[in-house]
Amino acid sequence: MAHALELHDVHIAVGGRALIDHLDLVVSPGTVTTVMGESGAGKSSLLAFLCGTLSPAFAASGRVVAGGVDVSADPPERRRIGILFQDDLLFPHMSVGQNLAFGLPRSIDDWRTRSRLIADGLAEVGLAGFGDRDPATLSGGQRARVAVIRVMLSQPRALLLDEPFSKLDAATKGRFRPFVFDHVRKRSIPTLLVTHDPQDALAAAGPVIHLGSIDGAPA
Amino acid sequence: MAAPVRDALNPARMLRFFPAATLVFLLGPILAGLLGTALPAFGFLPALGGEQLSLRPWEQLFATPGLATSIRLSLTTGLITTALALAIVVLFAAAWHGTAVFRWAQRLLSPLLSVPHVAVALGFAFLLIPSGWLMRMFSPWATGYTRPPDYVLVQDPAGISLILGLVIKEVPYLFLMVMAALAQVDAERYRTVARTFGYGPMVAWLKAVFPRIYPQIRLPIFAVLAYGVSVVDVAMILGPTVPPPLSVQLMQWFNDADLAYRFVASAGALLQFGLVIGAIAIWCFAERLVAYVGRRWIDAGSRGRSDGAIRAAAVIALAIAFIAILFSMAAMALWSVAERWRFPDAMPSVLTAANWLERTPDLWAIALTTLVIAVIAAIVATILVVGNLELETRRPEKIAQRSLWLLYVPLIVPQIAFLFGAQILLVWASLDGGLLAVVWGHFLFVLPYVFLSLADPYRSWDVRFARTALCLGASPRRVLFAVKLPMLLRAVLVAFAVGFAVSVAQYLPTLFAGAGRVSTLTTEAVALSAGGDRRLIGVYAFLQMALPFLAFVVAAAVPAWMFRRRRDLQVTT
């Protein structure tokens, strides 16, 4: 049922300098592949390329397959590849529940089903009854969990994690990391994690790719 | 397969036309207007019998008695106003940036930006005239006067009151420009670094911070300079009369019953344009001079640790500008409700609402006209600006920061130099005298300010919100309307209010595009200023000031109410 996230011959260059050099990669459903590298090595560019939000200043080629479909030519909103950043990026003008509703696909058009999915999602992460709350009133750990549920409810074919743990304090990180990986496994989502923290890679318990830092790279 | 259909409906396709449309709307009329002024300047205006090119208008212009004085007045007004206002603002920022005093100044001066020039000028005149409020406050106990003395403080031949009136209005503007620039250069840390080398706070700011922010405030400075050289409405109220600055002289010719004066007026309008270019050239030369001296000053390494006197002077100068505007506004408010206010009394002895209710039958109709024009101009401008900025975020390589100076074209080319020509075109197209023509005339000046107000917040919005929303499956259109614009609602409404305030304050565009048939609070207030009925002037000027202020109140109140339960969107300053 579940499909892998596949990268075929992905090549990203900026100003004639190759950031990602003809990368082939298959991330199996429910597993986490970690990409490690120095800052400026092209980790974030790779994720932007997979999302379809890479700036046209970059020259990029290669194919992306998610959910068994070649999404390379699709705009970001049709790829169904979710992303989590180091900030939770909950929309500050919406309530917690509205944030989750924003992620729910419109194909689920029965409002009772929609509100049930939202309530279930909140209950699942121990935030039952938080639907009407202002995100600004939640703790950092709670907000991070809402962000995870929001992206899960959007039913992504693949998930990208852009250093999602780097801004959390040690205790929160210790609880949040397994929380994310459990969800990925439970829902069989192929996941690509970008980080410079070896601890993250260890906890992800999947393949690790090192992006070579380019010699003489401009600061 | 569905891709072509999707592309055709893609809003990005429509967005593509925004920059072109904006430029056509903005620069097209100005260029056409300049041409429309240039032809009569060389004798060509068939409607008035000018069938062939000649230099007669120029001969006539240069034969005008007092022309040299008019030119000198225009240049000195612009240059001295700009230098003085800039000096006050820069010295104040150098002395007080990073302190509580600076934050207070920011809070107090920001709202003054919405006060129209004309209102400030009228109020300032109310303060300064021999029978004005200032004299009343000090009479007779300090001055001994029981009757208004016989001296000239307003409309003095040297133009000092004009310069002062402009300075108090430009100080808040330049102050906010400096603040915006400071926010972008990490000024605090640079100054701290300089101070660890033993520099006094003021010298540290002037040497380490000012050279970095100056390039960013240069265009606003040019706008202030061009405005000072070519201002009409304020000069009619505060400026000298015989001879007046060139711009006012031109207005007299344009308004002359003898239509033949349109030719010499057109030549004068081109000369006015030349004066602005000349003033900017003088300023650029002075910049070099200051830069040269400044570099040597920096190289010399003087630390300047005792700057107490200058610090005090800077705060006093800023305070005077602030208090002058405040009292100008209060003077108008008082006169608008005064029934009896005999000379040496500091306050009116009898108050009345009759000035508002009975003596001004047209007031509310004129206020409504002003409101409608301002709302339309500001809405159109805001939509175009959002469209341009949105396109820029999607195709960043297409529009660069370097095109910014184009926006300043309407703010630097003197209004009088192209409005007459534009009026000829409007007459030719039978569009003159209508509300629509006036809206368009205002739009030229509203758009740049709306853009300048919205560009920074729009560009600094965290694009990761957009990427997150896209990856959650939202279309670019939904991201714009459901995420980005709501989050930027306050900035968008403030930009709208800025545009609204700019429109309310317009004098010349209303006069020319409206062919004298469309009255706004501003044109009415200026027209009344010649008559000297202070109660009526007070009513119009006060309302002219209140309208933009209300727009800013709405711009603050709407998001505050909508997001009253969203802590991260509340303003904490």
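The sequence lines fix the lettering, A, B, ..., with proteins before strands; numbering per chain opens at 1.
Nearest approach of L406(B) to L26(B), heavy atoms of both residues: O-CD2, 4.4 Å.
Proximity to chain B involves both the backbone and the side chain of F102(A), based on heavy atoms less than 4.5 angstrom apart. Of the atoms belonging to L89(A), heavy atoms from both backbone and side chain fall under 4.5 Å from chain B. Heavy atoms of R150(A) lying under 4.5 Å from chain B belong to its backbone as well as its side chain. At a 4.5 Å heavy-atom cutoff, the contact between D87(A) and chain B is made by backbone and side-chain atoms alike. Residue F563(B) touches chain A through its side chain alone, counting heavy-atom pairs closer than 4.5 Å.
Note that R195(B) lies outside the cation-pi zone of Y199(B), set by a 6.0 Å cut-off to the ring centre and a 45° limit from the axis.
Legend: residues meeting side-chain contact (heavy atoms from CB on, under 4.5 Å) with A144(A), ordered by chain and number and at least two apart, are F176(A).
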Name every donor-acceptor pair, under 3.5 Å, that has one atom in a side chain of residues 117-128 of chain A and the other anywhere in the protein, sequence neighbours excluded.
residue	atom	partner	partner atom	Å
E124(A)	OE1	R187(A)	NH2	3.3
E124(A)	OE2	K186(A)	NZ	3.1
E124(A)	OE2	R187(A)	NH2	3.3

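Counting heavy-atom pairs closer than 4.5 Å to chain B, the top-ranked of the candidates A48(A), S95(A), A147(A) is S95(A). Chain B forms the most heavy-atom pairs under 4.5 Å with one residue out of D134(A), I83(A), L90(A), and that residue is D134(A). Among S475(B), P559(B), A466(B), the residue with the largest count of heavy-atom pairs under 4.5 Å with chain A is S475(B).
For the pair H183(A)/I149(A), a side-chain contact is recorded, criterion being any heavy-atom separation below 4.5 Å from C-beta on.
A salt bridge links D70(A) and R63(A); the closest N-O separation between the charged side-chain nitrogens and carboxylate oxygens is under 4.0 Å.
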